Amino acid sequence: MRADQQVMNQSPRVRFAPSPTGVLHIGGARTALYNWLLARGSGGTMVLRIEDTDRERSTPENVAQILEALAWLELDWDEGPLSQAERSDRHRARIAELVEAGAAYPDTATSEDVRAFKRAHGNAGYRGEPRPGEGAAIRLRVPNAGETVVDDLIRGPVRFENRLQDDFVIARGDGTPLYNFAVAVDDAEMRISDVIRGDDHLSNTPKQLLVLRALRCEPPRYAHLPLLHGPDGKKLSKRHGAASVQELREAGYLPAAVRNYLALLGWGADDDTTFMPTSELIERFSIERVGRASAVFDERKLRWLNGRFMREMPLDAYVEAAAAQLEREGHPEVPGDRERLRAACAIAQEKAQTLSELWPLVRFLFEPPLEDPKAWSKVMRDGAGPNLEAALEALRTAEPFDSTTLEAELSALVERLGVKARDVYQPLRVAITGTTVSPGIFDSLAALGRQRALERVEAAVERLRDRSDSG
RNA sequence: GGCCCCGUGGUGUACUGGUCCAGCACGCGGCCCUUUCAAGGCCGAAGAGCGGGUUCGAAUCCCGUCGGGGCUACCA
């Protein structure tokens with residue numbers, strides 16, 4: 001029953017403990033991922049705990065967003081979500097214990113009093129004495145002697161002198177427990193074996209250790225991950241482009257690619273492996289190989305990785321992902337036409353690096369050609385008209401109307417005409433899509449189907465004829 | 001200011017004393033392939049913050065310095 005006995009030599013119990021004061025950030029997502037990888041790779045248990053003791057900033061909407069982001073990332077948990085605020089009774093009970101034992105005391109000192117004390121004592125930690133009173137906060141008694149060392153899994157031992165540590169507040173004047181106390185109690189009572197969290201908590205850890213010691217609880221192991229920075233070297237924030245999981249999703253990234261990329265931010269399997277499916281991540285991940293230096297989130301590499309995942313995905317899964325994306329983007333009618341969507345995916349799969357690049361490539365299959373004056377003026381000139389007319393014949397007679405046959409017919413045509421391939425293919429591309437960029441031209445024609453292809457090319461021929469008549 | 005963490009090319013990283021005049025990947029430049037754009041192939045530019053030590057020998061160990069970051073709340 002004792003917490004320390006449970007912790008030792010068992011499969012790890014980890015927790016992801018976001019505070020719902022905003023959306024789930026990329027840094028938070030990576031923390032969640034590392035916890036999850038450790039749990040899944042070792043038959044351990046993942047606990048999700050919402051640290052909602054900040055009464056002002058925590059909102060149910062933020063909780064919902066975080067849960068949604070985790071769901072999208074396909075990071076699941078075994079216990080929770082638990083609400084830290086709802087465990088307030090436990091925290092209060094523990095505080096009462098400490099006060100009774102004299103390990104904590106009520107104090108009416110204000111923060112100004114504390115500052116004054118520190119000034120007068122050469123920056124030493126604040127030491128008060130029991131001063132019960134209206135609105136007295138509860139402070140933990142911190143020993144003057146010795147040091148508290150955090151034996152970090154990633155950084156090794158980190159030492160903090162106790163004499164510099166304040167008798168810090170563990171409960172507000174109204175009795176509500178504070179973060180550093182609640183966390184320590186929860187980690188102990190939930191029998192967490194490994195606390196994996198951001199580096200920004202390293203300085204908090206001695207406080208939590210002090211709480212645990214006062215409570216006579218065995219502390220968990222700690223691993224503090226280096227923080228993620230933006231391209232400017234500053235702490236990652238909303239100003240740095242797609243900084244939240246939500247934005248990553250909207251930008252058309254695949255969860256598996258995001259997992260792979262995030263795993264690589266601060267951790268590497270070995271010298272030359274970058275592309276790793278999640279199963280491999282789970283198998284190879286280890287806290288010991290996590291680096292100590294902060295990393296910069298670089299969306300360009302994510303894009304590349306995402307492209308690889310997109311290309312190597314089975315078509316069925318690709319179609320599902322595409323359908324979800326197109327629906328999100330406001331083309332709800334497209335996913336309904338599975339047959340055509342599938343054809344579209346088949347020809348665009350190797351072209352798109354993100355799901356959001358899909359629609360521009362395949363919209364010509366679902367809508368009339370785009371009006372792109374630049375494409376026309378660039379491509380539709382000189383021999384474009386005659387070349388298209390000649391191509392019309394090939395389109396009419398190609399049998400079957402598939403990519404292979406079209407390629408054979410059209411390249412034979414190019415040969416006969418004695419022109420450059422692009423002088424036939426680009427006008428065709430503009431005729432059927434309205435733009436100069438599309439999937440392979442033969443694939444595109446075949447996917448469009450003979451009838452619509454003919455209609456579009458005929459219309460383009462007409463248009464070119466009108467133009468030369470009047471000009 | 002105090003305490004703490006970190007420092008290999010633009011970015012992520014490999015290598016913890018010799019096999020490294022530093023490898024891989026993204027990005028960048030060039031070439032090839034080629035029906036556009038991608039993809040793919042080949043080639044290339046680009047790095048150990050700086051200064052001292054220790055050592056026969058340092059990216060790797062020590063010290064200093066500079067730089068970046070975090071914490072420093074009756075926030076989490």
Side-chain angles (χ1 to χ4, degrees), chain A residues 17-21 51-58 84 107-111 114 118 122-125 135-139 150 152 154-155 158-161 164-166 168-180 182-183 198-207 224 226-227 229 231 233-235 261 264-275 291-305 307-308 311 348-353 357 360-361 375 379 407 410-411 414 420-426 428-430 433 435-442 444:
Chain A
S19 66
T21 53
E51 316 239 291
D52 49 359
T53 53
D54 185 330
R55 300 160 301 182
E56 244 103 79
R57 297 185 298 165
S58 299
Q84 187 163 63
D107 187 5
T108 52
T110 63
S111 51
V114 172
K118 290 170 82 75
N123 260 321
I138 306 297
R139 288 182 184 273
V150 179
D152 196 89
I154 293 170
R155 293 158 210 284
V158 182
R159 304 167 178 284
F160 298 86
E161 285 186 77
L164 297 176
Q165 187 73 255
D166 290 339
F168 57 95
V169 175
I170 57 178
R172 285 181 266 245
D174 63 4
T176 54
L178 252 24
Y179 171 76
N180 278 126
V183 168
D199 200 18
D200 48 343
H201 289 284
L202 183 55
S203 304
N204 287 147
T205 309
K207 292 194 178 102
H224 288 95
L227 258 22
H229 289 181
K234 297 279 198 291
K235 191 181 175 186
Y261 178 70
L264 256 19
L265 242 33
W267 171 83
D270 55 39
D271 189 357
D272 44 37
T273 313
T274 59
F275 177 76
R292 284 161 296 278
S294 57
V296 173
F297 177 76
D298 178 15
E299 196 172 339
R300 289 174 303 186
K301 189 158 188 174
L302 207 210
R303 284 182 67 78
W304 170 81
L305 250 185
R308 284 210 52 175
R311 270 173 267 125
Q349 182 166 16
E350 65 174 29
K351 300 275 175 187
Q353 277 193 295
E357 288 169 20
L361 284 172
V379 173
E407 178 164 13
L410 288 168
S411 62
V414 164
K420 283 189 180 143
R422 58 155 47 86
D423 291 334
V424 172
Y425 298 150
Q426 276 303 76
L428 268 178
R429 193 186 311 278
V430 173
T433 72
T435 72
T436 53
V437 176
S438 82
I441 187 64
F442 314 117
S444 295

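What you see below is based on every heavy atom in this structure, not just the backbone, and it leaves out hydrogens, waters and symmetry mates. Given the structure is predicted, the values throughout are model-derived calculations rather than measurements. Convention: sequence-line order gives letters A, B, ...; per-chain numbering from 1.
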Looking at the side chain of A:Q426, which of B:rC3, B:rU35, B:rA76 is the nearest nucleotide? B:rU35

Name the nucleic acid region contacted by A:H224, choosing base, sugar-phosphate or nothing; use a 4.0 angstrom heavy-atom cut-off, strictly under. nothing

Will you find, in the side chains of A:T176 and A:R172, an N or O donor that is under 3.5 Å from an N or O acceptor? yes

Who pairs with B:rC24 - Watson-Crick or G-U, where each distance is under 3.5 Å: B:rG12

Partner nucleotide, any strand, of B:rG47 [Watson-Crick/G-U, under 3.5 Å]: none

Distance between the P atoms of B:rG2 and B:rA48, in whole angstroms? 31 Å

Measuring only the P atom in each nucleotide, how far is B:rC56 from B:rC15? A whole number of Å is fine. 28 Å

Under-4.0 Å salt bridge between A:R139 and A:D166: no

Determine the Euclidean distance between corresponding P atoms of B:rA46 and B:rG69; express it in Å to zero decimal places. 29 Å

A:H201 on top of B:rG70's base, within under 5.5 Å and under 30°? no

Has A:R422 got a side-chain N or O lying under 4.0 Å from the OP1 or OP2 atom of B:rU36? yes

Report yes or no: is there a donor-acceptor pair, N or O only, under 3.5 Å between the side chain of A:D52 and the base of B:rA76? no

Once you apply the 3.5 Å cut-off to both distances, tell me the Watson-Crick or G-U wobble partner of B:rC42, or none. B:rG30

G-U wobble or Watson-Crick pairing nucleotide for B:rG1 (cut-off 3.5 Å, both distances): B:rU72

side-chain N/O A:S203 vs B:rC3 OP1/OP2, d < 4.0 Å: no

Paired nucleotide for B:rG7 [Watson-Crick or G-U wobble; both distances under 3.5 Å]: B:rC66

Answer yes or no: side-chain N or O of A:K351 and base N or O of B:rA39 forming a donor-acceptor pair under 3.5 Å. no

Please state the P separation for the pair B:rG12 and B:rG7 - nearest whole angstrom. 12 Å

Using the P atoms only, state how far B:rC75 lies from B:rC71, rounded to an integer number of Å. 16 Å

Indicate whether OP1 or OP2 belonging to B:rC75 is found under 4.0 Å from a side-chain N or O atom of A:R172. yes

In the structure shown, which nucleotide is the Watson-Crick or G-U wobble counterpart of B:rC61, with both distances under 3.5 Å? B:rG53

Among the nucleotides B:rC6, B:rG69, B:rG12, which one has an atom lying closest to any side-chain atom of A:R155? B:rC6

Under 4.0 Å, counting only non-hydrogen atoms across every strand here, what does A:R303 touch: a base, just sugar-phosphate, or nothing? nothing

Side chain of A:D298 - closest among B:rC74, B:rU11, B:rG70: B:rU11

Can you check the distance between B:rA38 and B:rG47, where both ends of the measurement are the C1' atom (answer in whole Å)? 30 Å

Among the candidates B:rC5, B:rG2, B:rU11, find the nucleotide nearest to the side-chain atoms of A:L202. B:rC5

